[in-house]
Each structure stands twice: as C-alpha cells, then as structure tokens.
**Student:** 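I have a structure here, written as structure tokens, and I will follow up with some questions on it.
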Amino acid sequence: MKRLGSDFFNVPTLVLAERLLGKIFVHREGPGKVIKGRIVETEAYLGDGDEACHAWRGMTDRNRAMFGPPGTLYIYFSYGCHYMANIVSEPEGAAGAVLLRAMEPIEGIEWMQTRRKTGEMTALMSGPGKLTQALGIGPALYGKSLLGDTCWLEEAPDIPHEMVGISPRIGISRSTGLPWRRFVSDSPHVSKTQSGPSAKKRKKAVGM
DNA sequence: GCGATGATGAACT
DNA sequence: GTTCATCATCGCA
C-alpha cells in the first residue's frame with residue numbers, strides 16, 4: 001500500500017477536503033500496534049474569511065500548526081473532553097486545514113472497541129471526538145507530519161463524484177452558511193446529526 | 001425514540 | 001467570565 005506524499009496535501013483546502021474521502025488514515029502507536037480508518041467525512045476550515053476557523057484572526061499559540069507545511073496534523077482539545085484532528089493544507093504560511101469528522105474502522109478494531117467502550121462498529125469513529133479517541137490521537141501528535149513514520153495516509157481509490165455529499169458544516173456557530181462539509185453519502189459511518197445540535201443555542205447565536 | 005442538558009479544559013475578550 | 005469545530009446521558013413521551 002502506497003503512502004501519500006506532500007503533493008497530495010499541497011492543494012487548496014476545499015480540494016483536499018474532497019480528496020481525503022476514501023483514503024486510509026494510519027496511526028502506528030508501536031511495534032505491531034497499528035490502527036487504520038477510512039476517511040468518510042471531512043470539513044474545510046480556511047483562515048481567510050471563515051469566522052469558524054481558529055486561525056481566522058491570525059496566528060495564536062494554539063493554532064500555530066495550522067500555518068505549518070501541508071500534511072501537518074493540527075490537534076485541538078475541545079469541550080474539556082475531546083480531541084479533534086485536522087490535516088493542514090495549502091502552502092506553508094497560509095492558514096487552512098481539513099477537520100476529520102468520521103471514519104470507517106479498518107484495522108485495530110479491538111483497540112478501538114476497548115478505548116471507545118463499545119462494540120458497535122458504526123459508533124467507533126462516527127464523529128470527530130470519537131475517531132480521535134479510537135485512533136489514540138492526542139496532544140503528543142500536535143504538529144506532527146503525516147509524511148513521518150508515526151502517522152500517514154495510504155493511497156485508495158477516489159470516491160466517485162456522485163457519491164460525495166456536500167452540506168454546511170456541523171456544530172459551529174459562525175459562518176454556518178458555507179457548504180464546506182464533504183462526506184461519502186452511502187457510508188453508515190458518517191457522524192449522525194445526533195440529537196438536534198442544541199437548536200436553542202444556535203438560534204441565540206444567530207440572533208433570534 | 002426524541003430532544004435538552006451537563007461535563008470539563010483551554011483560549012479568547 | 002464566556003465561548004467552543006463534542007459526546008453521553010438523563011428526562012419525557
């Protein structure tokens with residue numbers, strides 16, 4: 001299985017978001033301990049004109065990885081309980097990254113089930129906080145490159161264009177109109193719109 | 001089954 | 001002090 005190189009990541013964020021669908025994300029935690037998942041859902045975040053992007057107002061201590069070279073991992077701890085994994089795109093210096101929102105378990109499923117405390121396949125990685133837990137992604141991977149030998153992506157066939165779903169991003173309260181979410185429309189592993197993401201809060205944020 | 005709410009840490013104003 | 005790119009659980013129907 002061929003690893004994807006820097007050329008794969010060195011493209012505009014929206015292109016990368018769609019290109020990532022179907023690819024295999026690999027995390028090698030140690031000898032004989034390899035976890036793999038197939039990416040089925042992503043979201044694009046741009047530093048320019050996107051108020052939902054952490055790098056929208058410029059570089060800070062937290063988001064500096066988003067300004068790094070393409071293929072860098074931007075790990076972010078949120079809500080006091082969950083990590084989120086992003087892949088940096090575009091040339092170095094421009095802020096832009098793709099949030100990994102959901103994957104399909106491929107390998108190392110036993111470890112995922114132990115960490116996630118569930119045996120249900122569609123619940124293992126069907127959400128941004130879930131997949132980082134299943135993969136064992138944490139602060140140790142902040143700023144790491146997918147061109148290294150701890151984490152990388154494996155080549156896989158592109159998803160046919162008619163199978164790629166497009167929708168506004170989920171779970172954010174700013175720039176909600178931008179249709180920058182990409183997902184494999186027939187996959188049972190995409191994040192469920194759980195229970196309506198706090199409709200009241202959203203109304204409040206919109207100003208109703 | 002569905003929807004609302006609390007948990008919980010770090011960055012930002 | 002408030003916000004946040006979330007998830008699991010509790011309450012009610």
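Just so it is clear: chains get the letters A, B, ... in the order the sequence lines come, proteins before strands, and each one is counted from 1.
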**Student:** Rounded to the nearest angstrom, tell me the gap between atom CG in A:L99 and atom P in C:dT6.
**Tutor:** 8 Å
**Student:** Using 30° and 60° as the class limits, which term best fits the ring planes of A:Y74 and A:Y142: parallel, tilted or perpendicular?
**Tutor:** perpendicular
**Student:** Students often get this wrong, so: under 4.0 angstrom with heavy atoms, is A:G129 touching a base, only sugar-phosphate, or nothing?
**Tutor:**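 Counting heavy atoms under 4.0 Å across all strands, the contact made by A:G129 is with sugar-phosphate only.
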**Student:** Expressed as a whole number of angstroms, how long is the span from A:Y74:OH to C:dA5:C1'?
**Tutor:**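 Atom OH in A:Y74 sits about 9 Å away from atom C1' in C:dA5.
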**Student:** Can you tell me which nucleotide in C:dA8, B:dA11, C:dA5 comes closest to the side chain of A:T60?
**Tutor:** B:dA11
**Student:** When you compare the ring of A:Y79 with the six-membered ring of C:dC4's base, are the centres less than 5.5 Å apart and the planes under 30° from each other?
**Tutor:** yes
**Student:** Using the rule given for salt bridge (charged side-chain N to carboxylate O under 4.0 Å, His left out), can you reason through A:R115 versus A:E29, listing the C-alpha separation, both sets of side-chain angles and the distance that settles it, and then say yes or no?
**Tutor:** CA-CA 14 Å; A:R115 279 197 279 245; A:E29 294 190 75; 2.8 Å; yes
**Student:** To check you understand the geometry: which heavy-atom pair defines the closest contact between A:M66 and A:H54, and what is its length?
**Tutor:** CE-CB, 4.4 Å
**Student:** Measure from the side chain of A:M84, starting at C-beta and using heavy atoms only, and say which of C:dC4, C:dA8, C:dT6 lies closest.
**Tutor:** C:dT6
**Student:** Would you kindly give the OH-to-P distance between A:Y45 and C:dC4, to the nearest whole Å?
**Tutor:**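 Rounding to the nearest Å, OH of A:Y45 and P of C:dC4 are 12 Å apart.
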**Student:** Heavy atoms only, 4.0 Å cut-off, all strands: where does A:N86 land among base, sugar-phosphate and nothing?
**Tutor:**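 The residue A:N86 makes base contact.
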**Student:** Tell me what A:Y83 touches on the nucleic acid: a base, only sugar-phosphate, or nothing, going by heavy atoms under 4.0 Å.
**Tutor:** nothing
**Student:** Phosphate oxygens OP1/OP2 of C:dC4: is one of them under 4.0 Å from a side-chain N or O of A:S173?
**Tutor:**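 Checking C:dC4 against A:S173, a side-chain N or O does come within under 4.0 Å of OP1 or OP2.
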**Student:** If the cut-off is 4.0 Å, is A:R101 near the phosphate of C:dT6, judged by side-chain N/O to OP1 or OP2?
**Tutor:** yes
**Student:** Between atom CD in A:Q133 and atom P in C:dC7, what is the gap in whole Å?
**Tutor:**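 The distance from CD of A:Q133 to P of C:dC7 comes to 10 Å, rounded to the nearest Å.
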**Student:** In whole Å, I'd like the distance from the CD atom of A:E120 to the C1' atom of C:dA8.
**Tutor:** 14 Å
**Student:** What's the closest nucleotide to the A:F77 side chain, out of B:dG9, C:dA8, C:dA5?
**Tutor:**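 The answer is B:dG9.
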**Student:** Dot-bracket, 5' to 3', for DNA chain B please: Watson-Crick or G-U pairs under 3.5 Å, [ ] where pairs cross earlier ones, | where the partner sits on another strand, dots elsewhere.
**Tutor:** |||||||.||||.
**Student:** Does A:S78 put a side-chain nitrogen or oxygen below 4.0 Å from OP1 or OP2 of B:dG9?
**Tutor:**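 No, A:S78 has no side-chain N/O under 4.0 Å of OP1/OP2 on B:dG9.
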**Student:** Does some side-chain heavy atom of A:F8 sit less than 4.5 Å from a side-chain heavy atom of A:L146?
**Tutor:** no
**Student:** Is it the case that B:dA11 (base atoms only) and A:H54 (side chain only) share a donor and an acceptor within less than 3.5 Å, ignoring hydrogens and angles?
**Tutor:** no
**Student:** Write down the distance between CZ (A:R57) and P (C:dT3), rounded to a whole number of angstrom.
**Tutor:**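 In whole Å, C:dT3 P and A:R57 CZ are 15 Å from each other.
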**Student:** Between P on C:dT2 and CZ on A:R174, what's the gap in Å once rounded to a whole number?
**Tutor:**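 Interatomic distance, CZ of A:R174 to P of C:dT2: 17 Å.
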**Student:** Side chains of A:T13 and A:E90: donor-acceptor distance under 3.5 Å anywhere?
**Tutor:**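 Looking only at side-chain atoms, A:E90 and A:T13 do form a donor-acceptor pair, the distance falling under 3.5 Å.
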**Student:** Within a reach of under 6.0 Å around CD of A:E110, are more than 12 heavy atoms found that belong to other residues, nucleotides or ligands?
**Tutor:** no
**Student:** Among C:dC7, C:dA8, B:dT13, which nucleotide has an atom closest to any side-chain atom of A:R116?
**Tutor:**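 When the side chain of A:R116 is considered, C:dA8 is the closest of C:dC7, C:dA8, B:dT13.
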**Student:** Going by side chain to side chain contact (heavy atoms under 4.5 Å, CB included), A:P105 matches just one of A:R38, A:Q113, A:R116, A:M121. Which one?
**Tutor:**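 Of A:R38, A:Q113, A:R116, A:M121, side chain to side chain contact (heavy atoms under 4.5 Å, CB included) with A:P105 is met by A:M121 alone.
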**Student:** Do A:H161 and A:E18 get their side chains close enough for a donor-acceptor pair, meaning under 3.5 Å?
**Tutor:**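 There is such a pair between these side chains.
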**Student:** Round to the nearest Å and state the distance from A:K117 atom NZ to C:dC7 atom P.
**Tutor:** 16 Å
